[in-house]
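Data first, discussion second: the structure below is written as structure tokens.
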Amino acid sequence: MTTSSTGVASDVKDLALAPRGKARIAWAAKDMPVLRLIRERFEREKPLAGLRVSACLHVTTETANLAITLKAAGANLVLCASNPLSTQDDVAASLVVDYGIPTYAIKGEDETTYFKHIRAALDHQPQMTMDDGCDLVTVLHKEHPDLLPNVIAGTEETTTGVIRLRSMQANGVLRFPVLAVNDSDTKHLFDNRYGTGQSTIDAVIRATNLLLAGRTLVVAGYGWCGKGVASRAKGMGANVVVTEVDPVKAIEALMDGFRVMPMLEAAAIADMIITVTGDINVLDHQHLAALKDGCVIANSGHFNDEINIPAMEALATQGHETLKDFVEEYRYGDGRKVYLLAQGRLVNLSAAEGHPASVMDMSFANQALGAEYMLQHARELTPQVYTIPADIDREIARLKLSAMGVKIDTLTQEQEAYLSAWESGT
Ligand SMILES: NC(=O)c1ccc[n+]([C@@H]2O[C@H](COP(=O)([O-])OP(=O)(O)OC[C@H]3O[C@@H](n4cnc5c(N)ncnc54)[C@H](O)[C@@H]3O)[C@@H](O)[C@H]2O)c1
């Protein structure tokens with residue numbers, strides 16, 4: 001840990017990277033008009049004045065714009081990484097040097113450093129947490145019960161984090177109210193689908209430069225993220241196969257025009273496999289043993305446990321080595337070679353830049369307005385998982401449409417009356 005010349009505590013790769021990070025943060029800001037409007041209001045009204053916030057998020061250009069917005073609102077913010085491989089080192093440096101935000105995040109940090117950084121963020125004694133995947137909240141509950149009485153509320157960005165929080169609530173251990181940002185329509189419908197869809201394909205191409213057209217690409221999980229990945233891969237000419245455990249999602253995939261089959265069958269015909277389920281060992285020993293020579297596998301779900309990497313290592317009796325950035329070759333005993341991208345960590349944030357700013361604009365509008373909402377309503381809230389009120393969700397959509405220059409119709413009085421009546425019919 002160091003303290004920069006500006007007196008800001010941090011642990012980042014290299015503060016000299018700040019100018020490049022600053023330019024990239026400004027580039028992302030151009031495509032985040034909703035967050036800009038919120039920032040302008042926050043600068044005037046200071047709704048988070050003096051609030052100690054510890055945020056555990058992917059340290060990207062878009063997150064930097066959220067951090068700047070929270071600081072403009074008066075928050076006393078500390079940031080750490082929510083994944084060991086997702087940090088953009090130049091952005092982390094700029095947050096410290098240009099924006100005075102204490103940041104603990106280094107791309108490629110080992111797990112010890114990752115958790116050391118989370119603990120550094122907790123040393124801030126947060127009154128509000130902002131999490132992506134629930135690691136901050138979990139460490140807070142497990143290791144620092146002494147800090148829990150300070151915490152007024154939290155927010156959570158992603159599906160996996162919300163699942164963990166609901167489990168904490170069901171087990172009676174959650175000690176403060178948390179807003180499930182992921183559950184907002186203006187978050188998962190766009191971020192998970194179009195954001196993960198585009199950036200996952202972008203990452204696979206950046207890492208491998210393989211042609212998708214004509215290849216069989218298997219997508220595991222047809223939730224919001226999986227739908228995005230499958231549709232974008234189809235658009236690039238891939239022959240997409242979907243695997244699922246939910247019969248409804250499986251029908252959806254079929255009717256969207258994809259082949260659906262069990263993973264054991266899919267693994268044997270796949271040229272590429274992308275897992276995006278939030279589940280464990282989706283690619284397990286028997287699937288990994290069935291892979292064709294040359295198959296490329298990647299994960300875009302939150303944690304790196306969707307692919308059973310120890311099983312892959314066991315199969316690779318002839319060893320494994322990094323061929324190029326984010327591409328590791330596993331050499332099986334019978335001579336087959338298969339390729340794991342980004343150590344099985346979420347590939348879009350590891351081997352590419354994560355979601356485009358335009359979708360993070362809405363996700364982080366939810367984070368910013370959600371933080372304000374949770375603080376304003378803290379007294380009425382109990383330790384459970386909340387969703388953002390529908391009127392805030394709609395307002396974010398209205399602002400986004402307006403920034404995109406798109407107008408829509410409004411209900412006439414006659415239509416409003418008709419839609420709320422039961423008497424009229426044929
Ligand atoms: N890479 C990113 O930037 C990014 C962005 C948003 C969400 N995520 C993460 O991606 C994961 C998926 O998120 P989502 O919003 O799509 O969730 P979701 O709940 O909408 O979809 C997950 C799907 O996976 C299916 N599934 C579960 N186990 C499976 C298995 N063994 N085989 C096949 N399918 C299985 C479920 O039935 C479900 O349809 C989560 O971990 C989430 O946190 C990543």
Side-chain angles (χ1 to χ4, degrees), residues 56-60 62-63 82-83 85-86 88 131-135 156-166 180-185 187-204 218-232 241-254 256 258 260-267 270 273-284 286-287 298-308 341-342 344-357 359-360 362-364 366-367:
C56 178
L57 300 168
H58 299 297
V59 181
T60 64
E62 296 79 17
T63 299
S82 61
N83 185 285
L85 259 190
S86 63
Q88 297 173 5
D131 220 347
D132 188 329
C134 199
D135 278 348
E156 168 55 54
E157 174 78 4
T158 197
T159 317
T160 285
V162 174
I163 290 171
R164 294 175 81 189
L165 285 166
R166 293 220 158 94
V181 165
N182 187 69
D183 290 2
S184 300
D185 284 346
K187 199 280 183 182
H188 64 266
L189 288 176
F190 307 101
D191 169 318
N192 299 31
R193 184 164 37 173
Y194 302 108
T196 312
Q198 176 168 315
S199 60
T200 299
I201 298 302
D202 176 21
V204 169
V218 175
V219 179
Y222 203 65
W224 292 112
C225 295
K227 289 185 216 308
V229 175
S231 74
R232 269 51 201 155
V241 172
V242 169
T243 72
E244 252 298 344
V245 291
D246 178 335
V248 175
K249 302 279 175 57
I251 297 176
E252 245 188 309
L254 271 178
D256 283 343
F258 300 114
V260 176
M261 62 185 77
M263 182 55 93
L264 205 50
E265 286 173 34
I273 304 179
I274 298 171
T275 57
V276 67
T277 67
D279 198 358
I280 190 169
N281 292 341
V282 176
L283 272 180
D284 213 345
Q286 70 271 27
H287 312 117
N299 167 52
S300 213
H302 189 77
F303 286 119
N304 62 334
D305 49 14
E306 301 210 12
I307 299 165
N308 185 342
L341 304 189
R345 296 200 184 275
L346 68 192
V347 71
N348 63 328
L349 279 143
S350 304
E353 293 171 65
H355 295 10
V359 289
M360 295 317 292
M362 288 188 281
S363 304
F364 286 163
N366 275 281
Q367 285 283 8

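We count residues from 1, following the sequence as given. Each ligand, and each atom within it, is numbered from 1 in the order the structure gives.
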Could you tell me whether the side chains of Ser82 and His58 share a donor-acceptor contact shorter than 3.5 Å?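 A donor-acceptor contact under 3.5 Å links the two side chains.
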If you measure only the distance, is there a donor-acceptor pair under 3.5 Å linking the side chains of His188 and Thr159?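 Their side chains do not contain a donor-acceptor pair, so the 3.5 Å distance test is not met.
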Provide, to 0.1 Å, the distance between [atom] and the closest protein heavy atom, together with that atom's residue and name.
atom: atom 10 (O) of ligand 1; answer: Gly301 CA, 3.5 Å
atom: atom 28 (N) of ligand 1; answer: Asp279 OD2, 2.9 Å
atom: atom 18 (P) of ligand 1; answer: Gly223 CA, 3.9 Å
atom: atom 20 (O) of ligand 1; answer: Trp224 N, 3.2 Å
atom: atom 9 (C) of ligand 1; answer: His302 N, 3.7 Å
atom: atom 3 (O) of ligand 1; answer: Asn348 ND2, 2.8 Å
atom: atom 6 (C) of ligand 1; answer: Cys225 SG, 3.6 Å
atom: atom 44 (C) of ligand 1; answer: Ser300 O, 3.3 Å

So is there a nitrogen or oxygen of Asp191 less than 3.5 Å from a nitrogen or oxygen in ligand 1?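 No.
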Is there a side chain to side chain donor-acceptor pair (under 3.5 Å) between Thr158 and Asn182 once you walk through the steps? CA-CA 5 Å; Thr158 197; Asn182 187 69; 4.7 Å; no
Tell me whether [X] contacts the main-chain N or O of [Y] through its side chain, where contact means a donor paired with an acceptor under 3.5 Å.
X: Glu156; Y: Cys134; answer: yes
X: Asn281; Y: Leu283; answer: no
X: Asp131; Y: Gly133; answer: no

Least distance between heavy atoms, Arg164 atom then Asp135 atom: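 Closest heavy-atom pair between Arg164 and Asp135: NH1-OD1, 2.8 Å.
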Search all heavy atoms of Val260 against all heavy atoms of Ala253 and return the closest pair with its distance.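 Scanning both residues, the minimum pair turns out to be CG2-CB, 3.8 Å.
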[X] contact mode with ligand 1 (heavy-atom cut-off under 4.0 Å):
X: Thr277; result: both
X: Val245; result: both
X: Lys249; result: side chain

Heavy-atom gap His355 to ligand 1 smaller than 4.0 Å: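 Distance cut 4.0 Å: His355 passes for ligand 1.
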If the contact criterion is a heavy-atom separation under 4.0 Å, does Glu244 count as touching ligand 1?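 Glu244 counts as a contact of ligand 1 under the 4.0 Å cut-off.
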Side chain to side chain donor-acceptor pair (under 3.5 Å) between Tyr222 and Asp256: does it pass, once the steps are laid out? CA-CA 11 Å; Tyr222 203 65; Asp256 283 343; 2.6 Å; yes
Contact atoms of ligand 1, heavy-atom distance to [X] under 4.0 Å:
X: Thr243; result: 33 (C), 34 (N)
X: Leu346; result: 1 (N)
X: Leu349; result: 3 (O)
X: Thr160; result: 40 (C), 41 (O), 42 (C), 43 (O)
X: Gly278; result: 11 (C), 40 (C), 41 (O)

Show your working on side chain to side chain donor-acceptor pair (under 3.5 Å) between Thr277 and Glu306 and close with a plain yes or no. CA-CA 8 Å; Thr277 67; Glu306 301 210 12; 2.8 Å; yes
Could you tell me if the side chain of Val276 sits less than 4.5 Å from the side chain of Thr200, heavy atoms only?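 No - every pair of side-chain heavy atoms lies 4.5 Å or more apart.
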With respect to atom 15 (O) of ligand 1, which of Asp132, Val347, Thr159 exhibits the smallest heavy-atom separation?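 Minimum heavy-atom distance to atom 15 (O) of ligand 1 goes to Thr159.
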Only heavy atoms count here, so choose which of Thr158, Val359, Asn299 is nearest to atom 7 (C) of ligand 1.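 Result: the heavy atom closest to atom 7 (C) of ligand 1 is in Thr158.
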What verdict does the side chain to side chain donor-acceptor pair (under 3.5 Å) test give for Thr160 and His302, after you've listed the backbone C-alpha separation in whole Å, the side-chain angles of each residue and the deciding distance to 0.1 Å? CA-CA 7 Å; Thr160 285; His302 189 77; 5.6 Å; no
Test side chain to side chain contact (heavy atoms under 4.5 Å, CB included) on Asp191 and Glu157; report intermediate values, then the result. CA-CA 10 Å; Asp191 169 318; Glu157 174 78 4; 3.6 Å; yes
